2 protein chains.
Amino acid sequence: MRVEYVKMKFFCESVFINAGFNDESALLASKVLLSADMRGVDSHGIARLAGYLRLIRAGRINPNPNIQCVHETFTTATLDADKAIGLISAPFAMQLAIEKARIYGTGWVAVQNSNHFGIAGYHAMLAAEKNMIGIALTNASPLVAPTFSVERMLGTNPIAIAIPAGKEAPFVLDMATTTAANGKLENLQRSHQKAPGGWIQDADGKESTDPEEVSKGGALLPLGGKREQGSHKGYGLGAMVDILSGVLSGANFGPWVPPFVAFLNPSDNPVGKGIGHFFGAMRVDAFQPLEEFQQRMDLWLKTFRNAKPISENQKVIVPGDPERMFEELYKNEGFPINEVVWKNLIEISKEWNVELPTLL
Amino acid sequence: MRVEYVKMKFFCESVFINAGFNDESALLASKVLLSADMRGVDSHGIARLAGYLRLIRAGRINPNPNIQCVHETFTTATLDADKAIGLISAPFAMQLAIEKARIYGTGWVAVQNSNHFGIAGYHAMLAAEKNMIGIALTNASPLVAPTFSVERMLGTNPIAIAIPAGKEAPFVLDMATTTAANGKLENLQRSHQKAPGGWIQDADGKESTDPEEVSKGGALLPLGGKREQGSHKGYGLGAMVDILSGVLSGANFGPWVPPFVAFLNPSDNPVGKGIGHFFGAMRVDAFQPLEEFQQRMDLWLKTFRNAKPISENQKVIVPGDPERMFEELYKNEGFPINEVVWKNLIEISKEWNVELPTLL
């Protein structure tokens, strides 16, 4: 089952408009959301539309936010997103970081009172298009146990960094700070498969391969999996993302981050507002003449793409290459859509009175 | 075998002075070097003095560098360290980042033409002392194979971030982007022990538990170890550090980074100057009133330190806690010194005509 990007974008836009968004917000939110499907990260794309709509219905996402700056210096700002959908507040914040970088060399923006922002890589790439290094971080609902703990204290807290190049395709790292993203676990749950080691632990903190454990008091594990394989480093990175996105912005942090699912209520004693993000933009030519950097970066990319592989069947990959491959492919062929997600969309279509595009 | 910090510092200072450093440089380099031993990271401390001295003898470290700014904006700078020892160029660069942050909110400094800088955490903490968030990155000699490759393309490329707090001890993450730091592997080699899984691969790219493989064409593995456990993320982080420290600064990068050991020559066709670092300082009060942040950060730290443990015998740890514990202990008791290292120091003592302190 596949669907054409442009048609699906119009569907999304119409739904967002019917949910109270203005035209520009509906367009932007749809583009950011579908960029996930187009880049092969289907867990963060159209599959989440129903979730966002439920949060709008529950009053936890404001379709017409008044995003305001609550703290500012030359190169920094803290924004109150007024419960905006992250799909809108994130590009807004990144735009501000880019403006500051244009003048001062770098720009850094923390966001409080926001909601999930789709794929982190999209926002980081906004800066790379302007020949800047872009950084995007966000905290998320607690699903991850720190090393030595049975408690879920952190989200899958992604780190994205996009670095422009000259003729070569850019470097785009977009990674959860856990061994495996939650979306991959959901795929295993749906297909009743076992998880590899180092992905999850059960409610007692014992390593498990049963993906259902996470819904029975277990937790996702930080990148590294076990202490002996460096899980304390994955935990440290997830913690860093939580502090920059949550503590520094005035949002909730750690176990207080509100859940994405509307049927779970946010904490009665929040320590901040909504979820938090953190963005950075650094002009490449604030460190080195642009052309020089482009040539050097092209050499870096070529060198790594041509590193000697273990097997001739699997070349060495530069972060961002697989996602770009999907994008090229899906541009022509449409992007694949899961049966469960499609059934969801049929319901959304009825509920919000918008006609679904035909499948390819 | 233990030795008193102050006495060892004077020994180091004298050696550096006899090697051509001025008084201030000798003091600073000694403090940075020994901060590793004091924090329990003995692989990066006095054990490396012999290595640094050999690089001075080989003319690869300049004892009297003229560190110069070669590119600058309001919030950024690129420094040419003039072959300085990293123990000096790194605090110099961080100081500049801090000065820029004082005025503009944040400061970012890339360094080319440098050498190894000791523990990354030391430099990040310089900013935290000023109520700023400090970041320190460096590239290093290639020992690490990207996922799917047999080639050593990256160093253990550490990430350090120090985040100040109020009454609680600060958050200090200082981690190699590999499963295990090279120092830990050297310890296994010395004691003829096997390595855990996910640390190393052999020359054919097969996982190995034999620590000697790395000297026989094998490689260290990025954090995650295997693809299924997320090694592509560790590789992505190591690559990010290499690009920010090496490509952006004008230093060497990837396989061209010069080796730390003086008996291996740097590449005949370098792509830049020396090794590279990258530093950042962000004023906390550029995002949030300082007191508010301190209270929030204290709450974060208390919450994570008191997270429910898997076992009552092992509390949950916040990054930086173990190192601080060592520092407290060694301040009173002296720091431990390895027999092999001590023999090395006896030779240095003779060669540079400086009396060794007595052991405790």
Side-chain angles (χ1 to χ4, degrees), chain A residues 71 73-76 78 104-106 108 110 146-151 153 161 163 171 173 175 179-180 196 198 204-205 223-225 228-230 232-234 236 239-240 243 247-250 253-255 271 282 286-288 293 296-297 299-300 303-304 307-310 314-317 319, chain B residues 71 73-76 78 104-106 108 110 146-151 153 161 163 171 173 175 179-180 196 198 205 223-225 228-230 232-234 236 239-240 243 247-250 253-255 271 282 284 286-288 293 296-297 299-300 303-304 307-310 314-317 319:
Chain A
H71 199 97
T73 70
F74 295 115
T75 62
T76 67
T78 302
Y104 296 103
T106 66
W108 305 88
T147 303
F148 301 134
S149 181
V150 292
E151 257 189 279
M153 302 285 282
I161 179 163
I163 304 175
F171 176 101
L173 178 67
M175 54 170 270
T179 308
D204 299 322
L223 177 58
E228 212 171 42
Q229 272 79 32
H232 55 300
K233 300 181 183 192
M240 170 191 82
I243 295 168
V247 181
L248 190 62
S249 70
F253 50 79
V271 294
M282 301 193 283
F287 294 93
Q288 197 170 85
F293 178 81
R296 293 168 61 79
M297 193 60 207
L299 176 59
W300 191 97
T303 305
F304 278 76
K308 196 177 168 201
I310 293 174
Q314 176 61 65
K315 289 196 66 170
V316 175
I317 291 170
Chain B
H71 199 98
T73 71
F74 294 117
T75 62
T76 67
T78 302
Y104 297 103
T106 66
W108 305 87
T147 303
F148 301 135
S149 181
V150 292
E151 258 190 278
M153 303 286 282
I161 179 163
I163 304 176
F171 175 100
L173 178 67
M175 54 171 269
T179 308
L223 176 59
E228 211 171 43
Q229 272 78 34
H232 55 300
K233 300 181 184 191
M240 170 191 82
I243 295 167
V247 181
L248 190 62
S249 69
F253 49 79
V271 295
M282 301 194 282
V284 160
F287 294 93
Q288 197 171 85
F293 178 82
R296 292 169 61 79
M297 193 60 207
L299 176 60
W300 191 97
T303 304
F304 277 76
K308 196 176 169 203
I310 293 173
Q314 176 60 67
K315 287 196 67 170
V316 175
I317 291 170

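Naming convention: chains lettered A, B, ... in sequence-line order (proteins, then strands); numbering from 1 in each chain. Values in this document were obtained by computation on a predicted structure and should not be read as measured data.
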**Message:** Can you tell me which of B/Val284, B/Ile243, B/Val316, B/Leu299 forms the most heavy-atom pairs within a distance under 4.5 Å of chain A?
**Reply:** B/Ile243

**Message:** To check you understand the geometry: which heavy-atom pair defines the closest contact between A/Lys315 and B/Phe148, and what is its length?
**Reply:** O-CD1, 3.9 Å

**Item:** Segment of B/Phe253 engaging chain A (4.5 angstrom heavy-atom cut-off)
**Value:** side chain

**Asked** Any donor and acceptor pair, going by atom type alone, linking the side chain of B/Gln288 with main-chain N or O of A/Thr78 inside 3.5 Å?
**Response** no

**Among the listed options A/Leu173, A/Thr106, A/Ile310, A/Thr73, the residue most often paired with chain B at heavy-atom distances under 4.5 Å** = A/Ile310

**Asked** Is it the side chain or the backbone of B/Phe171 that comes within 4.5 Å of chain A heavy atoms, both, or neither?
**Response** side chain

**Message:** For a 4.5 angstrom cut-off between non-hydrogen side-chain atoms, does A/Ile317 reach B/Thr147?
**Reply:** no

**Asked** Picking from A/Leu223, A/Thr179, A/Thr76, A/Leu248, which has the most non-hydrogen pairs under 4.5 angstrom with chain B?
**Response** A/Leu248

**Asked** Can you name the closest pair of heavy atoms from B/Phe304 and A/Pro255 and give their distance?
**Response** CE1-CD, 4.5 Å

**Prompt:** Non-hydrogen atoms of chain A under 4.5 Å away: do they reach the side chain of B/Ala180, the backbone, both or neither?
**Reply:** backbone

**Request:** For residues A/Val271 and B/Arg296, report the shortest heavy-atom separation together with the two atoms involved.
**Result:** O-NH1, 2.6 Å

**Prompt:** Just by distance, do the side chain of B/Glu151 and the backbone of A/Lys308 share a donor-acceptor pair under 3.5 Å?
**Reply:** yes

**Message:** Can you give me the closest heavy-atom contact between A/Ala110 and B/Phe287, atom names plus distance?
**Reply:** CB-CD2, 3.9 Å

**Asked** In Å, rounded to the nearest 0.5 Å, how long is the span from OG1 of B/Thr75 to CE of A/Met282?
**Response** 9.5 Å

**Request:** Determine the option with the most heavy-atom pairs under 4.5 angstrom with chain B, choosing from A/Ala307, A/Gly234, A/Gly205, A/Pro319.
**Result:** A/Ala307

**Fill in**
Scored by heavy-atom pairs under 4.5 Å with chain A, the best of B/Ala286, B/Pro309, B/Pro196 is B/Ala286

**Message:** Classify the ring geometry of B/Tyr104 against A/Tyr104: parallel below 30°, tilted from 30° to 60°, perpendicular beyond 60°.
**Reply:** tilted

